[in-house]
Amino acid sequence: MWRKVCGRYGSCADAAASRGVLLQVVHGRPFPARVYTPWGVDPDAAAEVSAAVAGELAEALGPWCARFPGVLVQQTVLPDSPARAVVEAAAGAGLLVVGRRRHHRLPAPRIGAVTHAAVHHVTCPVAVVPHD
């Protein structure tokens with residue numbers, strides 16, 4: 001999954017650099033079952049998981065941030081499904097860039113759940129970028 005994110009990141013970072021705008025990278029991942037307790041979410045466990053995921057995202061984007069030092073990057077990790085996280089984070093955005101696999105196995109859908117949710121639920125323009 002990180003390879004897919006980083007593959008699209010290069011072209012997004014290039015576009016953000018040429019326009020001088022903030023690039024927000026969003027990653028949604030639901031909390032694992034161990035975070036939940038009978039009375040709700042364990043805040044210590046939730047913070048630990050969120051920090052680990054944020055570290056993974058920062059590590060994956062590190063080479064791209066070094067390659068595009070002039071781009072201001074905001075990394076956002078949300079404890080939600082990837083589709084909901086992207087739709088939520090797109091509020092107020094000027095453009096949302098999402099990917100879709102270039103090659104798919106039939107009868108698989110041509111776009112995934114995140115791209116489908118983005119196209120149907122965000123209010124800004126959506127660019128769907130094919131990738132391998």
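By the 4.5 Å heavy-atom criterion applied to side chains, Thr37 and Val41 are not counted as neighbours. Taking 4.5 Å as the limit, every side-chain heavy atom of Pro30 sits out of range of all side-chain heavy atoms of Asp80. Counting only heavy atoms from C-beta outward, the side chains of Leu23 and Val21 never approach each other to under 4.5 Å. Annotation: side chain of Tyr36 is not in contact with side chain of Asp42 (no heavy-atom distance under 4.5 Å). A 4.5 Å side-chain heavy-atom check between Val86 and Val98 finds at least one atom pair inside the cut-off. For the pair Val73 and Gln75, the minimum side-chain heavy-atom distance is below 4.5 Å.
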*Given side chain to side chain contact (heavy atoms under 4.5 Å, CB included), test His27 with Leu78 step by step and report yes or no.*
CA-CA 6 Å; His27 178 71; Leu78 298 173; over 6 Å; no
_Trace of the side chain to side chain contact (heavy atoms under 4.5 Å, CB included) decision for Thr76 with Val25_ = CA-CA 6 Å; Thr76 305; Val25 178; over 6 Å; no
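Ring geometry for His120 versus His116: interplanar angle of 30 to 60°, hence tilted.
For Glu48, the side chain to side chain contact (heavy atoms under 4.5 Å, CB included) partners at least two apart in sequence or on another chain are Arg34. Applying the ring-ring contact (aromatic ring centres under 6.0 Å, His included) criterion to His121, with sequence neighbours excluded, gives no partner residue.
Contact between Val114 and Ala83 at its shortest, heavy atoms only, is CG2-N, 3.7 Å. Between Ala118 and Leu96, the shortest heavy-atom distance links the atoms CB-CD2, 3.5 Å. Closest of all the heavy-atom pairs between Pro82 and Gly28 is CG-O, 3.4 Å. A pairwise comparison of heavy atoms in Ala90 and Val122 identifies CB-CG1, 3.6 Å as the closest pair.
To the nearest 0.5 Å, the span separating CG on Leu57 from CZ on Arg29 amounts to 9.5 Å.
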